[in-house]
Q: 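I'd like to ask some things about the structure below.
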Number of protein chains: 2
Amino acid sequence: MRNASPTLKAIAARLGLSPTTVSRSLNGQGARYRISDRTQRAVQRLARRLDFSPNPIARGLRLKKTATVGLVIPDVSNPFFARIAHRITVAARDHRHSVLLSDSQEQTALEVEAIGLLLRRQVDGLILCPVGLSDEHLSPLPHARIPVVLVDRCFPGLALPAVTSDNLGGARAATRHLLDAGHRRIGVLQGLPGTSTNRDRIAGHRAALSARGVPFDPALVAGDSFLEDAGFRAARRLLRLRPRPTALFALGNLLALGALRAIAEAPLRVPDDISLVAFDDHPYAPHLSAPVTTVAQDVDALGRVAAEILFERIGGRRAAPKTRAIPTRLVERRSVKTLATNPERKQPT
Amino acid sequence: MRNASPTLKAIAARLGLSPTTVSRSLNGQGARYRISDRTQRAVQRLARRLDFSPNPIARGLRLKKTATVGLVIPDVSNPFFARIAHRITVAARDHRHSVLLSDSQEQTALEVEAIGLLLRRQVDGLILCPVGLSDEHLSPLPHARIPVVLVDRCFPGLALPAVTSDNLGGARAATRHLLDAGHRRIGVLQGLPGTSTNRDRIAGHRAALSARGVPFDPALVAGDSFLEDAGFRAARRLLRLRPRPTALFALGNLLALGALRAIAEAPLRVPDDISLVAFDDHPYAPHLSAPVTTVAQDVDALGRVAAEILFERIGGRRAAPKTRAIPTRLVERRSVKTLATNPERKQPT
DNA sequence: CGCATGGGCGCAAACGTTTGCGCAAGGGTG
DNA sequence: CACCCTTGCGCAAACGTTTGCGCCCATGCG
């Protein structure tokens, strides 16, 4: 803020000392190098008085450490990722690190570019929400000289620590909830096939089905991306099936939004004509025309835990890479209709 | 990505040249310093083959330019700011700059700290969404050696370029809309008093009132922050007034959310028992139990224009600081009830 | 043949730190 | 008095660039 912090040299000159001595006095190396207490105190006092703080660029050059972490995110404007970014930014400050933010715009090519740039900029650590379709470009990362943590989407083949929601468990709970309410024809609005999140959620859905002995019908799965418009199109398609599904399960928040549009357009009503469950909770969810039942992810925890792992590793601990699953929570509202016709609902377990 | 880019020195050594020559060949200074075309081409070929790219830290140290811009935001997890951050991040990439992100957590103290840190890190420009309560700590910025742009909240006294929504016009349009529908007792849920956004929105509201000759009643204004809970409490208070306001005007998206909660709790229904207009549009707005009429800000434009101004100035143009107002748009939905009792509605102009 | 001219490139300093090593002075010991 | 140890600190190199200045060699001209 004030007129440019003075340099180490300037401080040294004013005290008739060498930059060496000043540096050591300020870095707690005084004892190690036998700087007298008197000198150290004098240095520290002047430094404080002049609001000195070492030039991070010069320091970075010398130390090959920049007190900076890189954050690569597919889309910062998506509230989900925005909250992750928020938590990480806050955690970074706690660890006196800055955050270099990149937005890969859901494109692998930009992701590659961003990672390269961040590595060249000598970040001390990297948190990555991969676009998620492929991982070949990530394969050098486990051998990078800095720790890397994956968030949200993971690649089992990759030796990198990852933090993800318990997508499988969350989806299983949602589908189980629908089954309990007597639904048997459940349409699924999926996201980007090939991503771990999508795969796990589908797997959870299928697990719940087969646990109840309900056959899985691929014709009831539609969609090809996590974006709203894909949700709209997929929902419209599913709603035209005959017999119509009695419930839709949207595997993402934007997909749910698209579904709502398609349902309104049909026009149908939730939950009378069709039930709806969505992955991702949302502040507005309770106030929708039909407050929608959701699988809430603990987004804050995702960001927090990722940052924790990263800074642990930056701090030196070099544990084996492990993926951490953050639990989800089913938030029941009023978008699921109980089908009275079905005798076996609420069967024990 | 690959094993650390080689250094200039390494390239020079491999070609039997000096780092000087290599540097000039790569920076387009070849002609200026009479490097032969043959040499230049050889350098460029090898550089490309080895995927060389100059160490940004070293470069930053020497040049006192880092190809980095700082971004200070009160709360990245707020979708409004997240979108601004998104646009700026994208714009920065277009200009080959990186973004250092700070989250001030709506605290002036943290904002001060963040600005200081970014300046020390030698960012080439700074985009700031000020917390907005005070501006003394910003007063050195107009004299900083780098350009600074304010977004969302501005300080008239400060000689800094600023980009804000047309808050006054937007609020005026909203209130006018309510007046047209016959409402006279309009409760206002305000945000943080003292911020320019809040002040301008209130001013717009009052302008619309007085244009219609409706007196302004301070008792109908409640609230003390832009957060949801403040909206909830303020709405609850206003809803208990007798006679009850016939409409609420929430001056922010989270305030609207709080209002919805308070209305549901009352319990009242929108728009039958109470009308609602909110500042800030939202993807879920159309799907609420009463699709809510909103004043939509062009958030993308806010971010884009801010980035434009910043990079123009980084590029050298040192125009006088000017504040740019981005137009808002009234999105009419179904949360406003037309009060039939009132004869003078839809009066011309 | 002497000199100016121009082409092609390198020297060395600088940016602001950190750090291995070593130097000088003073005090104690034999 | 010679030696060693301790205390207190500085030298200089290094990190990887960029840049003002100047060097050297050919060539052309008179």
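Just so it is clear, the values below take in all heavy atoms, side chains as well, and ignore hydrogens, waters and symmetry mates. Quick note on labels: first sequence line is chain A, next is B, and so on, each numbered from 1.
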Q: Hey, does the side chain of B:Lys64 come within less than 4.0 Å of C:dG16's phosphate (OP1/OP2), counting only N and O?
A: yes
Q: D:dC9, OP1 or OP2 - any side-chain N/O from A:Thr39 closer than 4.0 Å?
A: yes
Q: Is the distance from OP1 or OP2 of C:dC9 to the nearest side-chain N or O of B:Ser36 less than 4.0 Å?
A: yes
Q: Would you indicate, yes or no, if D:dC21 has its OP1 or OP2 atom less than 4.0 angstrom from a side-chain nitrogen or oxygen of B:Tyr33?
A: no
Q: Ignoring the backbone of A:Lys9, work out which of C:dG22, D:dG22, C:dC15 is nearest its side chain.
A: C:dC15
Q: Can you tell me if A:Lys65 touches the phosphate of D:dC15, counting only side-chain N or O atoms and a distance under 4.0 Å to OP1 or OP2?
A: no
Q: Got A:Cys129 and A:Val72 here, is their nearest side-chain heavy-atom distance under 4.5 Å?
A: no
Q: Please report the distance, rounded to the nearest Å, between CZ in B:Arg38 and C1' in C:dG8.
A: 12 Å
Q: Give, ordered by number, those residues of residues 18-31 of chain A having at least one heavy-atom distance below 4.0 Å to an atom of DNA chain D; if nothing qualifies, reply none.
A: A:Ser18, A:Thr20, A:Thr21, A:Arg24
Q: With the side chain of B:Arg32 defined as its heavy atoms from C-beta on, choose the nearest nucleotide among D:dT7, D:dG20, C:dT17.
A: D:dG20
Q: Round to a whole Å and report the spacing from CD1 of B:Ile35 to C1' of D:dG22.
A: 14 Å
Q: Look at atom CZ of B:Arg49 and say whether more than 12 heavy atoms of other residues, nucleotides or ligands are closer to it than 6.0 Å.
A: no
Q: Judged by modelled atom types alone, do A:Ser25 and A:Arg41 share a side-chain donor-acceptor pair under 3.5 Å?
A: no
Q: Which nucleotide sits closest to the side chain of B:Leu17: C:dG20, C:dC15, C:dC9?
A: C:dC9
Q: Between C1' on C:dT17 and CZ on B:Arg120, what's the gap in Å once rounded to a whole number?
A: 15 Å
Q: Salt bridge (charged side-chain N to carboxylate O under 4.0 Å, His left out) with B:Asp298: which residues, sequence neighbours excluded?
A: none
Q: Would you tell me whether A:Arg93 and B:Ser102 have side-chain atoms, one donor and one acceptor, within less than 3.5 Å of each other?
A: no
Q: Would you check if there is a donor-acceptor pair between the side chains of B:Arg120 and A:Ser5 at a distance under 3.5 Å?
A: no
Q: Judged by each residue's nearest nucleotide on DNA chain D, which is more toward the 5′ side, B:Arg34 or B:Ala58?
A: B:Ala58
Q: In whole Å, I'd like the distance from the CD atom of B:Gln40 to the P atom of C:dC9.
A: 9 Å
